There are 2 protein chains.
Amino acid sequence: MSISRRDEIVIAATELFAQHGYHGVGMRAIADAVGIRGSSLYHHFPSKTELLYAIAHDYNRAFIESQLADLSPNPTYAARVRKLVYDHIIYFHKHRLEEAVGLRELQELRANAPEHYTDIQTSRRSYQDGLERLIVDGRETGEFECEDPHLVVLAVLGMVNSVNDWYRDRGRMSIVEVAEAYADITVNRILGAR
Amino acid sequence: MSISRRDEIVIAATELFAQHGYHGVGMRAIADAVGIRGSSLYHHFPSKTELLYAIAHDYNRAFIESQLADLSPNPTYAARVRKLVYDHIIYFHKHRLEEAVGLRELQELRANAPEHYTDIQTSRRSYQDGLERLIVDGRETGEFECEDPHLVVLAVLGMVNSVNDWYRDRGRMSIVEVAEAYADITVNRILGAR
DNA sequence: GCCATAGCCTAACGAACGTTCGACCGGTGG
DNA sequence: CCACCGGTCGAACGTTCGTTAGGCTATGGC
């Protein structure tokens, strides 16, 4: 069971878009990367915009599916947040190219395919709300201690999403160590878990 | 004393690049924004790449100048880090368009003008090192308590640099309030200041 | 064996790209 | 009054852009 040509195209386009930006890559360059001609791409995608959407959407859906795994087996809110942050960093590292494209070209999608933009934005938002809920609930039980849960969520997400800007596989830490350290900072420090 | 045409061009190009990306904006579109024809731009900049560099460079130099202000009047390391984080957020908010372009198109510069890329990267690096030094020193005096200063610097910078991704001027908090809250989180929580 | 279809091809479309060229125009210094 | 010059212009350059049209070929169901 090998990957389909369509998937080959998505993978190649993701890499090129991540490197040169959406407008910096032509259809012919994408086609070259998979060994076909530019016009042949239109057998798999109706337009360049839809190809971009396929990248953002495939990636986003996979993330939601993987990340909305049930956190309730974890006994405490601290353990739940810890697992969420940890998994988030591991997942975003594995899919860092898709993420880079998805974030960077979001407004491109907004301008050219508003309905695709809103559905991606909606699922992002629900993820953010889920984390905020965890923090609010954990605060009510006295497990966490922080002033402004909404702001804290934004700070934490900004922190974890920035890992891919500097992390390199051959550095002094493995991605697992980084994920553990960030989860520690989030739960023990920022959330002031007891 | 009005702004020069050159500056007009830089300002217009910054806004357009921030919105559509470097490759998403043509020379004619930039010219339109300042009310001249595309060919006239070449009296002010020799190429589109040099125009991009002017944006990244002007912005970067202004930031270094403003941010390397002497922090030593502040009595404690905690106060110094607090002021640095606070000023950083205020400055990056005021110059959020230039920052967005500078970050997003860095690899464009790397590919087309490597010497310009390295000089920007160098000053970024010295800023990061300066913050790390503050934290290391503050830890030695017992003011801070954290495990890995290098990692903490990356986490803090990721956090503060992400403010512009979500902050909007008409939201529930002013940028000053956000800067204060982030400075609090950094110093009191992440650095564990006593 | 026949036909449909999937997948790729070459060729071309009009538009936009970054850039160059030579001319013009208004002001300034001699 | 004339020569200069910074700044702008229209026109054009060769290239690349996203996209379309039509034709070839191999595969698989009937």
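Values reported hereafter were calculated over all heavy atoms of this structure, with side chains retained and with hydrogens, waters and symmetry mates removed. From a predicted model like this one, the values you see are computed outputs, not experimental measurements. Every chain is numbered from 1, with letters handed out A, B, ... down the list of sequences.
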Checking C/dC21, C/dA11, C/dG18 against the side chain of A/Ser39 (C-beta onward), the nearest is C/dA11

Is the backbone of A/Arg104 close enough, under 3.5 Å, to the side chain of A/Tyr22 for a donor and an acceptor to pair up by distance? no

Polar side-chain contact B/Ser47-C/dG18 base: donor and acceptor under 3.5 Å: no

Using atom CG of A/Asp32 as one end and atom C1' of C/dC9 as the other, report the distance to the nearest whole Å. 14 Å

Does the side chain of B/Met27 reach to within under 4.5 Å of the side chain of B/Tyr42, using non-hydrogen atoms? yes

If you compare every side-chain N and O of A/His44 against the phosphate oxygens of C/dC8 (OP1, OP2), does one of them come in below 4.0 Å? yes

Kindly indicate whether the side chain of A/Glu145, heavy atoms from C-beta on, has any atom under 4.5 Å from the side chain of A/Arg194. yes

Heavy-atom nearest nucleotide on DNA chain D for B/Ile36 versus A/Gly26: which residue maps closer to 5'? B/Ile36

With a non-hydrogen cut-off below 4.0 angstrom, is A/Arg37 in contact with a base, only sugar-phosphate, or nothing? base

Just by modelled atom types, is the A/Ile36 backbone N or O under 3.5 Å from a matching donor or acceptor in the A/Ser40 side chain? no

Ranking D/dC9, C/dT20, C/dC9 by distance to the side chain of A/Ser40, first place goes to C/dC9

How would you label the contact of A/Arg5 with the nucleic acid (heavy atoms, under 4.0 Å): base, sugar-phosphate, or nothing? sugar-phosphate

So B/Val34, base contact, sugar-phosphate only, or nothing? Heavy-atom distance under 4.0 Å. nothing

